[in-house]
Trainee: 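Starting off with a structure, shown below.
Just so we're clear, the structure is a prediction, and the values are computed from it rather than from any experiment. Just so you know, ligand 1 is whichever comes first in the structure, and atom 1 is the first atom listed for that ligand. Computation of the quantities below employed the complete heavy-atom set of this structure, encompassing side-chain atoms and omitting hydrogens, waters and symmetry-equivalent molecules.
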Amino acid sequence: MNAALGAVAHVDAAALAHNLAQVRALAPRSRVLAVIKADAYGHGLLFAARALRGADGFAVARLAEAERLRAAGIAQRIVLLPGVDTHDDLAFAARLALDVVVHHRSQIELLEQAPPACRVDAWLEVDSGMHRLGIAPRDVAAAHRRLARCAAVRAPLRVMTHLADADARDGSGTRRQIEAFRACTAQLDAAASIGNSAGIMAWPEARSEWVRPGIMLYGISPFPADTAAAHGLRAVMTLTTRLFAINRVPAGGAVGYGGTWTAPEDMWVGAAAAGYADGYPRHVPGGTPVLVDGVCAPLIGRVSMDTVSVDLRGHPGARVGAAVTLWGPDLPVELTARAAGTIGYELVCRVSSRVPRSPLSHASASSN
Ligand SMILES: *Cc1c(COP(=O)(O)O)cnc(C)c1O
């Protein structure tokens with residue numbers, strides 16, 4: 001191992017392709033918009049777009065991400081999920097041949113005022129009950145009529161909605177959302193997009209003409225109490241670093257900022273080169289596991305900016321330079337997220353810019 005000291009996020013293109021195949025298996029009649037917003041949930045935008053080239057299109061949440069995709073030669077459909085809110089951005093979206101989501105009446109006005117040369121594909125977003133974004137069901141028919149008449153909007157117009165809690169065990173909210181969406185779009189003869197990952201996995205009714213998987217593509221479960229492996233998905237990111245010090249701490253010695261953890265006996269404590277500046281969550285409690293040379297070891301004391309301390313009592317053979325895995329296929333990020341009181345989505349999105357994303361080649365995959 002000869003990379004510079006510090007955390008590295010290894011990303012596995014084969015796992016992304018495998019997870020896309022799992023989406024296809026669950027929703028064989030749906031076309032797939034792979035959601036690669038937020039730098040592909042922290043995995044690397046262009047890396048993910050290339051690994052997911054078998055998708056029918058992509059979805060992003062910022063115009064700059066769509067611009068990067070086009071500049072890199074990505075020719076598939078790209079849907080801009082928040083749509084646009086200025087004339088300039090609409091013109092730019094049209095130049096980039098993007099699809100825009102229309103979730104608000106102000107966006108309909110923008111399209112109606114567009115200059116003649118400006119033409120885009122559009123997705124009318126219905127608020128079926130999440131009450132975050134979207135046109136209210138009672139206004140959908142009128143909004144659809146206006147957009148259909150709008151010279152800037154290419155036919156055919158598509159419709160979509162977003163599910164608020166498809167990951168919940170009690171599915172009554174999701175059932176109501178799907179019914180509300182179907183009721184107000186049934187007359188429109190428009191292709192529909194409903195399911196996000198949880199919708200695709202748990203709700204056959206959400207496997208509409210188009211689906212929009214995000215988190216499941218990265219091999220992370222959208223459900224609060226399990227891990228993605230239980231669904232046949234493979235973790236894409238492995239966040240690793242290594243031990244750069246091993247020190248003897250005497251019984252009674254306090255470890256780390258605030259001295260929140262005290263050694264119960266004379267013991268070896270490792271320092272691993274990763275911390276909250278890399279995006280490892282500061283709020284995990286002591287005892288949260290990492291892997292040292294592939295074997296579980298508990299964190300002790302507070303996570304600091306660049307370093308975490310590791311209890312090496314179970315690792316008598318550990319040496320400086322030992323591989324440390326913070327999460328990955330053998331230590332699901334869902335577990336770290338639960339320890340930190342958050343979700344896997346947030347942890348992978350927050351892996352910071354100082355952490356190199358390193359595509360796993362198959363040779364290194366087998367030696368890791
Ligand atoms: C982020 C997002 C998705 C993907 O959601 P996952 O839970 O990651 O599958 C789908 N649709 C919209 C509108 C989104 O914002």
Trainee: How far apart are the C-alpha atoms of His162 and Asn196, what are their side-chain angles, what is the distance that settles it, and do they pass the side chain to side chain contact (heavy atoms under 4.5 Å, CB included) test?
Mentor: CA-CA 7 Å; His162 196 45; Asn196 57 355; 3.9 Å; yes

Trainee: Where do Leu217 and Leu16 come nearest, in terms of heavy atoms and distance?
Mentor: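 For Leu217 and Leu16, the tightest heavy-atom pair comes out as O-CD2, 3.2 Å.
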
Trainee: I need the contact residues for ligand 1: any residue with a non-hydrogen atom closer than 4.0 Å to the ligand, ordered by chain then number.
Mentor: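 Residues near ligand 1: Val35, Lys37, Tyr41, Leu81, His162, Asn196, Ser197, Arg212, Pro213, Gly214, Ile215, Tyr345.
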
Trainee: Identify whether NZ of Lys or CZ of Arg in Arg313 sits under 6.0 Å from the centre of the six-membered ring of Trp268 and within 45° of that ring's axis.
Mentor: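 No, Arg313 and Trp268 do not form such a contact.
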
Trainee: Measure the shortest side-chain to side-chain distance between Leu124 and Arg158 over non-hydrogen atoms and say whether it is less than 4.5 angstrom.
Mentor: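 They are not in contact (no side-chain heavy atoms under 4.5 Å apart), so the answer is no.
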
Trainee: Taking the inter-plane angle between the rings of Phe223 and His231 on a 0 to 90° scale, is it parallel (under 30°), tilted (30 to 60°) or perpendicular (over 60°)?
Mentor: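 Tilted: the ring planes of Phe223 and His231 meet at 30° to 60°.
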
Trainee: Taking Leu20 as the starting point, is it possible to reach Met237 by hopping between hydrophobic residues whose side chains are less than 4.5 Å apart?
Mentor: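 Met237 and Leu20: one cluster.
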
